[in-house]
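In the text below, chain A, chain B and the rest are named by the order of the sequence lines, each starting its count at 1.
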There are 2 protein chains.
Amino acid sequence: MSDLSPMDLYETLTAQGDTVRSLKAQKSPKAEVDAAVQLLLQMKLDYKRLTGQDYKDGCPPADGEMVVDTGAVLEDGDDQVDPWNVSSSSAKGVDYDKLIVRFGSSKIDQELVDRIARVTGKTPHRFLRRGIFFSHRDMHQILDAYEKQKSFYLYTGRGPSSEAMHVGHLIPFIFTKWLQDVFDVPLVIQMTDDEKYLWKDLSLDECHRYTIENARDIIACGFDVNKTFIFSDLDYMGASPSFYRNVVKVQKHVTFNQVKGIFGFTDSDCIGKISFPAVQAAPSFSSSFPQIFGERTDVQCLIPCAIDQDPYFRMTRDVAPRIGYPKPALLHSTFFPALQGAQTKMSASDANSSIFLTDSAKQIKNKVNKHAFSGGKDTVEEHRRCGGNPDVDVSFMYLSFFLEDDDQLEKIRQDYSSGALLTGELKKSLIETLQLMIAAHQERRTLVTDEIVQQFMSPRKLHFNC
Amino acid sequence: MSDLSPMDLYETLTAQGDTVRSLKAQKSPKAEVDAAVQLLLQMKLDYKRLTGQDYKDGCPPADGEMVVDTGAVLEDGDDQVDPWNVSSSSAKGVDYDKLIVRFGSSKIDQELVDRIARVTGKTPHRFLRRGIFFSHRDMHQILDAYEKQKSFYLYTGRGPSSEAMHVGHLIPFIFTKWLQDVFDVPLVIQMTDDEKYLWKDLSLDECHRYTIENARDIIACGFDVNKTFIFSDLDYMGASPSFYRNVVKVQKHVTFNQVKGIFGFTDSDCIGKISFPAVQAAPSFSSSFPQIFGERTDVQCLIPCAIDQDPYFRMTRDVAPRIGYPKPALLHSTFFPALQGAQTKMSASDANSSIFLTDSAKQIKNKVNKHAFSGGKDTVEEHRRCGGNPDVDVSFMYLSFFLEDDDQLEKIRQDYSSGALLTGELKKSLIETLQLMIAAHQERRTLVTDEIVQQFMSPRKLHFNC
């Protein structure tokens, strides 16, 4: 595929159209005309491939991110990243720098991390300090406005495909809770039970039940009930005409060609899948929540999510200005690796691929010892001599997600690399960290009563200053 | 296209696949193998055209009406009939007998009309007596159940694309009111303001306003407020989780291939259009209205509508058994002709193509005199000698819709055919009939207060015995 931008290609194409017309007008030799026409046709094919649209004279490509971002369904080397598939051939996992280029987002660099610290007056979260949230869109704009007392709201979500959530599922919620605390902003959490019904072999009632069970785990992350609204699509769509209106607005401004380009849908997909991206887009607009924002349609949205959800929001950002709404800003996280290695995301359906929030201390110990891919050497002697490789060691990766103390983590990294720390000892650190964390989570979860769930999930006014 | 059914073609195709495999296994001459493969490919193309699906070995075609009914987007002779286009090259209008064959519905014959009279104990409505409702699906099943005290509910609708409704728009409502009266059943009326937003260059608020204005005209037809629920999609979707659940259920069971085959959608259509058919399907299921039917999912639905809406309900009938619901039954009407002739449906955007419900007595008189296509002869002398042709005369067609007295209508037909009645006199009859009817409608409409509209449009319990 050409390296040209859609606009470059459009202009070259228009010029080639003129060339063909002038050759024909001058009655040039047939071979010359044919060659020019062939080139024109080839360029039209390229244009269609690049933009998902047929070339039309006089209609330049839409000025949006969507048309250039077909990256989601391309495979770059061996990394594949879209909302349903994440895989990499490297033991270090996906190449995130390449992904930033491909998706056209921006790197969260030290300058941005420092700025967040300055604006909030708080130490940046370890996910920021360690590049776990590594990419963003328009975060500086959010901060510019925030500095001028113009607030924003947070939006994140979960697809409830089973009762069991694993530690990887907590990443966006742990970080979102921190954002809610340091910025003091309202938060909406979408449970896409409709999506799970459409994609999986589950009944509506099962998906709805998973929503409620997952909501308990989310609430156990410590969200402020006065600033947080958790909603099931299946419930809220039927409880808010404003939400449906925004869904229909988005649906009017996105074509099948576009979702085909962005999500890789085919003609054999059901019409529910094809139109679902509008349902995930709608919470990006404050007017979807009149109970929170009143008549305001201009409150900007900040979405913390794993990078595989970005295609939904590229689409949303393309549509937003066309329906009179601000584009949502984004903060993207890396993927949480499976115990078996960073090549894939964890799977909720494989109990041994991850640590579940329901695991006992003993299960945690066994899973880490048995399944966590090690960057250590085959024998103690060799390990002592050559040292282990923390970059591919899953236990070390997990510690970098969950161990708060930077110095302690750095010491583990150095000792493991030098060979001073053995794999068993590294695993022991992780096991203790996870056991403490999961036990604390389980304890908080038992305190989440049906009434509390009900409270979080009732459409209502939230505490919101702006 | 082949005359084979999808299942016939599937079996022939499977056999041809076996032939190809056995020829290859026997290392038959290349020409023989090639010919067999060519035939196989051709059959696969036919299969795809017929069913909208790729042929897959071991997957027989779905056992439904949808797959064989691609008729909606075909052109048969010069008649085109789908939800957005109706046109015919004949001055008599669409050939409805052909349409019954093409759509695979059943003719409303004298036996069915007599049965309705017997079951209800009422004279059949003039629309039944005169073949204006001419086609049905499963009406005998509705009557069988009704005779066993098993009731049903009615569902009809309107796409509110402007404030102004014309007399043609009243046809399904006039008939539905009669059905409600004689069967004593509840009725739901869907105002597809979301559809109009998706298809037209209108804002959501405009579409919603047209819903309310059109609802006034519909209420003025005399519906019983205790048995009628009128709803805006934009409102009701956001007021009923049960409705959205049924929309999602339908969306999961219909592919883009299928809506492409049924409605002629293309890849350039917006995802809202592509998924909208599920919104029109959902009111066919009683569980979309728990406030009326409680927990019952098995109350059958009868849909009176113009035949151009049939594609939506062929799709609905295909999906129904797969999601555990009864198929809706249908009664189809012919189209109401434009003043200029029966070749097209009337257009709400051309004031002279029809009589509007807001027209004054004088406007009615002028429009009929000026624009109503006449089947009369060019001069009085010729007319007296040869007679007129009521079959193409729009004034006569209109009278057959609105003049209740069969004898009077028959006398007009005979006198016009013989030449005893001149075009001016025929038009005078129509003008008087319309003036009376429209004036009465306008008077009833002034009595429809905002409170009454509100009452009809509130989700609530209805009077329902079954």
Exercise. Determine whether the side chains of A:Tyr244 and B:Asp235 contain a donor N or O and an acceptor N or O closer than 3.5 Å.
Key: no
Quiz item: What do you reckon, is CD of A:Glu213 surrounded by more than 12 foreign heavy atoms closer than 6.0 Å?
Solution: yes
Quiz prompt | A:Gln291 atom CD: more than 12 heavy-atom contacts under 6.0 Å | solution = yes
Quiz item: Any idea which heavy atoms bring A:Asn257 and B:Ser268 closest together, and the distance?
Solution: ND2-OG, 3.7 Å
Self-check item: Contact winner vs chain A - B:Val248, B:Asp233, B:Val247, heavy-atom pairs under 4.5 Å
Solution: B:Val248
Quiz prompt | Heavy-atom closest contact (A:Ile271 atom, B:Ala278 atom, distance) | solution = CD1-CB, 4.3 Å
Quiz prompt | Nearest-0.5 Å distance, OG1 of residue B:Thr255 to CZ of residue A:Phe265 | solution = 13.5 Å
Quiz item: Going through the checks in order, is the side chain to side chain contact (heavy atoms under 4.5 Å, CB included) test met by B:Phe256 and A:Lys273?
Solution: CA-CA 10 Å; B:Phe256 181 59; A:Lys273 288 187 184 180; over 6 Å; no
Exercise. Please report the shortest heavy-atom distance between A:Cys270 and B:Gln251, naming the atom on each side.
Key: CB-O, 3.2 Å
Quiz item: Do A:Arg245 and B:Met237 touch side chain to side chain, with heavy atoms closer than 4.5 Å?
Solution: no
Quiz item: What pair of heavy atoms forms the shortest contact from A:Gly238 to B:Pro241, and how long is it?
Solution: O-CD, 3.4 Å
Quiz prompt | Straight-line distance of B:Leu204 CG to A:Lys249 NZ, nearest 0.5 Å | solution = 5.5 Å
Quiz item: Is it true that B:Lys252 and A:Asp269 make a salt bridge, defined as a side-chain N closer than 4.0 Å to a carboxylate O?
Solution: no
